[in-house]
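Input: a single structure, listed below in structure tokens.
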Amino acid sequence: TKMASSGKLQEAEKHITDAEKCLKTSMFKWNPDYDNAANHFDKAAICFRTLKYYDRAKESSIRASDAHYKNHAIYHAGKSLEHAANVCRDAKQLEEAAKLYEQAGECYSESGHPDTAGQIILKGAQLLQHENPALAAKYFLSTAEFLQLDDKFRESANAIKNAVRMYCRTRPRQLDKIISTAQQSRRAFLEAGSINLAHEAVTVEIIATLLQGNSMHALDLLQEASRVPEFKGTEDEKVLEQLVESVSQHDDETIVQCCNSGILKSLDPEYAKLVRDLKTGNESVDPTQQTVKPDDTSVQSKPQVTSMAVKDTRKDPKVLADMRNQLFSTSKGTSSKNKRKTVEKSRVETTPSPPPENRGLEEIVPEEPDEKITTNEEDNKNEDEDKNENEDKNEEEDKNEDEDKNEDKDEDDEDEDDEPIDVN
């Protein structure tokens, strides 16, 4: 086996050497020999592919295609590119394979074989329908164009339908492309004489428009579809009309009933996914439903308003007046015993649970329930009441001080009277 593989490798290298010699020019050889060079490159590519040297096999096939093209053998250039695409397919390089299939199809079309071009590009689209649906849709549409050139309208319409299916498979879905491609599919099926498939394309077009959230445009499309042969008065039209009306009125129950109808359930599995999204509401049904966000933000802002109300109540004039009275009463701690008793009595009456002296202002403030912030008139009224109370308390304290002074004076007078008089 090793001997055989080494012999195959040597054969491939010899073909490459011979091909490069054919491309060289000299004094007696003015033009390259593209024909023989292409044949040597093709044989080298087969040897490399047998040995599973995929990169060198692809390179040899591309060089063979270039030599065929310069030799004006465009069809054979396409064959070499197709061989290179098959090598990439074996190497699991699917996107590169699809690209080479497309280039091969262009060579076939240029050589006058559009049907072969469409069939070869279709291979690339089928390779990518699970790996890259969006790119596969592009190749399906390219296939449809080449098949239309050969007047194969039915095959072209089927290729466009496959493009719609690929766009339905993408995530997130490209609804704009689904709608435009469905319109193209409808026209292609009408041209091919497939009325039922044209009705299916109309259904997909309207459902995708509803998923976009544009029920008015869906209604216009439904009216336009009434001009499609054999569509007006059918069960399809009735279900779609009811579906558009229920979506515009946000009637969820009717939407579910329409989505569960036999007409929509019998659609292609990829189209049925659009119906499921419309039924479950995964996609936007109407722009008016997008007003949920402001409601959510307003709900979230409620705790912020409440916290602001709490902060404002801490600046209530009545609370501040009580705080000033407490601080004033503590500053008078060095006065007489009667005065301290009076101040403590007034403190008990004004505040039910006085805080200790070493607590900060934030801890002195009592917690109040979340109530509506008082108006300016109520604040002014409370300030006037607090001022009157403070004046009454100050007068009472001054009166007590005067009484204490009088008592002290009377005691001094009595002491003077009690002292013995010195007769001498």
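A quick note: this is a predicted structure, and the numbers were derived from the prediction, not measured.
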Are Arg49 and Asn86 close enough, and set up right, to give a side-chain contact (heavy atoms from CB on, under 4.5 Å), and what steps lead you there?
CA-CA 10 Å; Arg49 185 180 180 185; Asn86 292 333; 3.9 Å; yes
Got a second to check how far [X]'s [atom1] is from [Y]'s [atom2], nearest 0.5 Å?
X	Y	atom1	atom2	result
Leu278	Leu274	CG	CG	9.0 Å
Asp35	His40	CG	NE2	10.0 Å
Leu243	Cys259	CG	SG	5.5 Å
Glu11	Ile46	CD	CD1	9.5 Å
Glu205	Leu222	CD	CG	10.5 Å
Leu94	Asn132	CG	CG	10.0 Å

Between [X] and [Y], is there a donor-acceptor pair closer than 3.5 Å when you use the side chain of the first and the backbone of the second?
X	Y	value
Arg169	Gln129	yes
Ser261	Gln257	no
Asn260	Val256	yes
Ser248	Val244	yes
Asn162	Asn158	yes
Asn214	Leu210	no
Ser156	Ala144	yes

Could you tell me if the side chain of [Y] sits less than 4.5 Å from the side chain of [X], heavy atoms only?
X	Y	value
Leu100	Cys88	yes
Lys138	Leu141	no
Cys168	Ile178	yes
Leu219	Glu241	no
Lys273	Arg276	yes
Lys177	Val164	no
Leu51	Leu9	yes
Asp55	Gln93	yes

Minimum heavy-atom separation for [X] to [Y], with atom names?
X	Y	result
Ile160	Ala188	CD1-CB, 3.8 Å
Phe231	Ala225	CD2-O, 3.2 Å
Cys258	Leu264	O-CD1, 3.2 Å
Ser246	Ile255	OG-CG1, 3.4 Å
Ile195	Pro229	CG2-O, 3.5 Å
Leu190	Ala198	CD2-CB, 3.7 Å

Mind checking side-chain hydrogen bond (donor to acceptor under 3.5 Å, both in side chains) for Asp220 and listing every partner two or more places apart, or none if nothing turns up?
none
Is it true that, when you exclude [X] itself, more than 12 heavy atoms of the residues, nucleotides or ligands shown sit nearer than 6.0 Å to its [atom1]?
X	atom1	result
Glu96	CD	yes
Lys29	NZ	yes
His76	NE2	no
Glu253	CD	no

Under 3.5 Å side-chain donor-acceptor pair for [X] and [Y]:
X	Y	value
Ser61	His83	yes
Asp176	Gln212	yes
Glu110	Tyr69	yes

Which is it for Lys123 and Glu82 under the side-chain contact (heavy atoms from CB on, under 4.5 Å) test, yes or no, and what are the steps along the way?
CA-CA 10 Å; Lys123 287 185 178 181; Glu82 183 180 356; 3.6 Å; yes
Does the pair [X]/[Y] count as a salt bridge with the N-to-O cut at 4.0 Å?
X	Y	value
Lys161	Glu200	yes
Glu20	Arg63	yes
Glu13	Lys8	no
Glu270	Arg173	no

Residue from Tyr139, Tyr101, Tyr108 passing side-chain contact (heavy atoms from CB on, under 4.5 Å) with Ile121:
Tyr139
Mind running side-chain contact (heavy atoms from CB on, under 4.5 Å) on Val202 and Glu224 for me, showing each step along the way?
CA-CA 10 Å; Val202 170; Glu224 181 183 351; over 6 Å; no
Full working for salt bridge (charged side-chain N to carboxylate O under 4.0 Å, His left out) between Lys92 and Glu131:
CA-CA 11 Å; Lys92 305 301 181 182; Glu131 300 293 332; over 6 Å; no
Pair His68 + Tyr34: ring centers closer than 6.0 Å
no
Audit row: Asn36, Asp33, side chain to side chain donor-acceptor pair (under 3.5 Å) steps and yes/no
CA-CA 6 Å; Asn36 288 326; Asp33 187 3; 2.3 Å; yes
Please walk me through it: do Ile120 and Phe146 pass side-chain contact (heavy atoms from CB on, under 4.5 Å)?
CA-CA 10 Å; Ile120 204 65; Phe146 286 114; over 6 Å; no
